[in-house]
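Everything on this sheet refers to the single structure shown next.
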Amino acid sequence: MANNQYQHIPQEKFAFAQLDAELKDKKLETKARGYMADALLRFKKNKSSVVAAYIIMLLILFSIVSPVLSPYHVKHMDKMYTNTPPFVREIAEKGWGFLDGGVTRDSQNDASMDYWRGIAEETGMNPVIKVVSDTVKTVKQRGKTTETHTYVLKNNKYYEIGNMYLTLSYDEFDRIQAWQNEHGLQVIYPWVEPKDIKDITNNPNIWYQVKSAKGEANKDADGNFIPAYSTNKTIEGREYNSLRIEGDDGSYIYSVRKSGAVQCRINYYNYYTYVNGLEPTYIFGTNAKGQDLFCAIGMGARFSLVFAVLVSAINLSIGAVYGAIQGYYGGAIDLTMDRISDILSGIPFVVATTLFQLHLAQKVGTIPSFLFAFVLTGWIGMSALTRKQFYRFKGQEYVLAARTLGASDWRLMFRHIFPNSLGTIVTSCAMVIPGVIGSETSMTYLGIVNLSEFVGTSIGELMSQGQTAMTTSPHAMLFPALFFSLLMISFNLFGNGLRDAFNPTTRGED
């Protein structure tokens, strides 16, 4: 019966041992795994944390690279191109449906279509990307049947601006003419007298004869616009000797005198190119201030990341020393210091930040006062964690042995106990970073802290500006909010992975 229980073991597994042989333990064939190697191995098994780590690296890389790659500085603001959608002309011309500066225009009538057509014919830049829908309505009145159209259009917001009025000095007017000749781009367009277009003085894009002040176009028998360009040389402000539009035989005037300067009609798209040295190119579009969002998000993210790491490092330093003293000495010292922490923890963060911005910021500056608001109570959680770790380790045998050998209290705290607690503390510090970023973004979003003067912008400020134009310009809210969401989610997943990887209770687990 006893022999039958070993019948399932193959015979070749059995080997005779020499009775008089000296048996010793064999050397381990596998390499010993250290604490950090074991933590890294367990971290790699958490797939969500690994993906989050890669996303964080990409976001950090974006914050470093985007202000460098952008042709604009964060302080570059264009008052005409505000809340404009993403646009790159080379891609827009391919008709792929993105990066085309497209916006939807509802309830467009025939007069509106004439207006867009007028911009396209004069400047060569057609604002209408495509007609989304055309609703025809038949109306019978006094025995006459007429049709009215209501259009839904997708327009290029950059081309919609068309022409605008601008007052220039004589020298600037001459410089633009020289630039036109050099680059072959028309910036200055012929002048139109208001009396020739039914006294419509506030719309520089109406260059054709109209039926009334509402702007309906007069057309010839072939359906073409009838130009209303001025030929009155008595009002000409400055001699024009540069590019002329098609059909101009030299009779049109291009400026009028105005208080020692000249007023003219300019094509803003080309004028922008003249001023900035490049065409409007906004990969993420612009915000309410006319800033390039691609650059602004990167600059705001730089500040958020650097500020969060700085706050975490300061709070770690203060909290580690404070908590170490509490946990090591205990007793009355611990009780007294714990009450101080309780009092400080009762101060609302929003109240402290607001008061510091109102009073302290005038003396030390906005960013130092903002930093002080975070440090005032931010170290308390770190000190509590350190205190708990010291209570856990200070009674261990290796600490008692070091004390017996004459080690000082300071050496016991920071050479023996603290290193064993460091994994948990650093992991918690990584979890603090998204909290700091979230609080900083909330304060700038609410307008309690204004960092635009020092940083140029912030993620919170960009989201606040985007919220006001979310229905008409959703991109202004989408890109900052997407960046912020990815950053917060990734940091939390990354922190969870670090916490599990550095947990001493799971060390050595497969």
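Side-chain contact annotation: Glu279 with Tyr269, donor-acceptor N/O pair under 3.5 Å present. A donor-acceptor contact closer than 3.5 angstrom links the side chains of Asn163 and Glu122. Inspection of the Ser169 and Asp171 side chains reveals no N or O donor paired with an N or O acceptor under 3.5 Å. Ser452 and Asn450 share a donor-acceptor pair across their side chains, judged by distance under 3.5 Å alone. Side-chain atoms of Asp248 and Tyr254 form a donor-acceptor pair, as typed in the model, at a separation below 3.5 Å. For the residue pair Asp110 and His149, no side-chain donor N or O sits within less than 3.5 Å of a side-chain acceptor on the partner. Using a 3.5 Å distance cut-off with no hydrogens or angles, the side chains of Asp78 and Tyr268 do pair a donor with an acceptor. Using a 3.5 Å distance cut-off with no hydrogens or angles, the side chains of Tyr115 and Asn203 do pair a donor with an acceptor. Under 3.5 Å, the side chains of Ser112 and Asn109 contain a donor-acceptor pair of N or O atoms.
In terms of modelled atom types and a separation under 3.5 Å, the side chain of Asn181 and the main chain of Ser242 share no donor-acceptor contact. Here the side chain of His475 pairs a donor or acceptor atom with the backbone of Thr286 at under 3.5 angstrom. Between the side chain of Thr444 and the backbone N or O of Thr441, at least one donor-acceptor pair lies under 3.5 Å. When atom types are taken as modelled, the side chain of His183 and the backbone of Trp179 share a donor-acceptor pair closer than 3.5 angstrom. Without hydrogens or angle criteria, Gln209 side chain to Ala228 main chain gives no donor-acceptor distance under 3.5 Å. Judged by distance alone, the side chain of Gln177 and the main-chain N or O of Asn241 form a donor-acceptor pair under 3.5 Å. Remark: the backbone N or O of Ser66 is not paired with any side-chain donor or acceptor of Ser70 at under 3.5 angstrom. Between the Asn155 side chain and the Lys157 main chain, no donor and acceptor come within less than 3.5 Å of each other. Between the side chain of Arg89 and the backbone N or O of Thr281, no donor-acceptor pair lies under 3.5 Å. When atom types are taken as modelled, the side chain of Gln186 and the backbone of Ile188 share a donor-acceptor pair closer than 3.5 angstrom.
Between Lys94 and Glu90 no salt bridge is recorded (no basic side-chain N to carboxylate O distance below 4.0 Å). Between Arg175 and Glu172 there is a salt bridge, since a side-chain N of the basic residue sits under 4.0 Å from a carboxylate O of the acidic one.
Between Gly497 and Ser49, the shortest heavy-atom contact is CA-OG, 3.1 Å. Listed here is the closest heavy atom pair of Ile283 and Val88: CG1-CG2, 4.4 Å. Considering all non-hydrogen atoms of both residues, Asn492 and Pro434 come closest at ND2-CB, 4.1 Å. Thr234 and Arg257 make their closest contact through O-NH2, 2.7 Å (heavy atoms, listed as atom of the first residue, atom of the second, distance). Heavy atoms only, all atoms of each residue included: Val152 and Asp106 are closest at CG1-OD1, 3.5 Å. Residue Pro480 comes nearest to Met463 through the heavy atom pair CB-CG, 3.7 Å, listed as atom of the first residue, atom of the second, then distance.
When side chains are defined from C-beta on, Glu440 does not count as touching Val311, because their heavy atoms never get closer than 4.5 Å. For the pair Leu168/Arg238, no side-chain contact is recorded, criterion being any heavy-atom separation below 4.5 Å from C-beta on. Counting only heavy atoms from C-beta outward, the side chains of Asn46 and Ser48 approach each other to under 4.5 Å. At least one side-chain heavy atom of Leu153 sits under 4.5 Å from a side-chain heavy atom of Trp116. You'll find the side chain of Glu160 reaches within 4.5 Å of the side chain of Val103, heavy atoms only. Side-chain contact between Asn276 and His76: present, with at least one pair of heavy atoms (C-beta onward) separated by less than 4.5 Å. Side-chain contact between Val210 and Glu216 is absent, with no heavy atoms from C-beta onward closer than 4.5 Å. Residues Glu121 and Trp207 form a side-chain contact, since some pair of their non-hydrogen atoms from C-beta on lies under 4.5 Å apart.
Legend: residues meeting side chain to side chain contact (heavy atoms under 4.5 Å, CB included) with Leu305, ordered by chain and number and at least two apart, are Ile60, Ser63, Ile437, Leu487, Phe491. For Leu69, the side chain to side chain contact (heavy atoms under 4.5 Å, CB included) partners are Val65, Phe294, not counting sequence neighbours.
Rounding to the nearest 0.5 angstrom, the gap separating the CG atom in Asp196 from the CD1 atom in Ile226 is 12.5 Å. A distance of 8.0 Å separates CG of Asn202 from OH of Tyr165, quoted to the nearest 0.5 Å. Between atom CG of residue Leu486 and atom CG of residue Leu59 there is a gap of 6.0 Å, rounded to the nearest 0.5 Å. Interatomic distance, CD1 of Ile489 versus CD1 of Ile55, reported as 8.5 Å (0.5 Å rounding). Here OG1 of Thr472 is found 6.0 Å from CG of Asn83. Values are rounded to the nearest 0.5 Å.
More than 12 non-hydrogen atoms from other residues, nucleotides or ligands lie less than 6.0 angstrom from NZ of Lys233. For Lys75, the NZ atom sits in a loose shell: 12 or fewer heavy atoms of surrounding residues, nucleotides or ligands are nearer than 6.0 Å. Other residues, nucleotides and ligands place more than 12 heavy atoms under 6.0 Å from the NZ atom of Lys154. Atom CD of Glu246 is surrounded by 12 or fewer heavy atoms from other residues, nucleotides or ligands within 6.0 Å.
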Exercise for review: Test side chain to side chain contact (heavy atoms under 4.5 Å, CB included) on Asn496 and Met431 and set out the steps.
Suggested key: CA-CA 8 Å; Asn496 289 337; Met431 297 291 288; 3.6 Å; yes
Practice item. Would you sort out whether Tyr189 and Asn267 count as a side chain to side chain contact (heavy atoms under 4.5 Å, CB included), showing the intermediate values? Key: CA-CA 7 Å; Tyr189 279 77; Asn267 176 260; 3.5 Å; yes
Point to revise | Derivation and outcome, side-chain hydrogen bond (donor to acceptor under 3.5 Å, both in side chains), residues Ser230 and Glu193 | key: CA-CA 6 Å; Ser230 177; Glu193 281 290 288; 4.8 Å; no
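Phe370 and Phe307 have their aromatic ring centers within a separation under 6.0 angstrom. Side-chain rings of Tyr272 and Tyr158 stay apart, their centers remaining 6.0 Å or farther from each other. Taking the six-membered ring for Trp, Phe454 and Phe303 have ring centres at least 6.0 Å apart.
Among Asn287, Thr82, Thr457, the single residue meeting the side-chain hydrogen bond (donor to acceptor under 3.5 Å, both in side chains) criterion with Gln465 is Asn287.
Classification of the Phe87-Tyr159 ring pair by plane angle, with boundaries at 30° and 60°, yields perpendicular.
A cation-pi arrangement is found for Arg117 relative to Phe225, the charged atom lying closer than 6.0 Å to the ring centre and inside a 45° cone about the ring normal.
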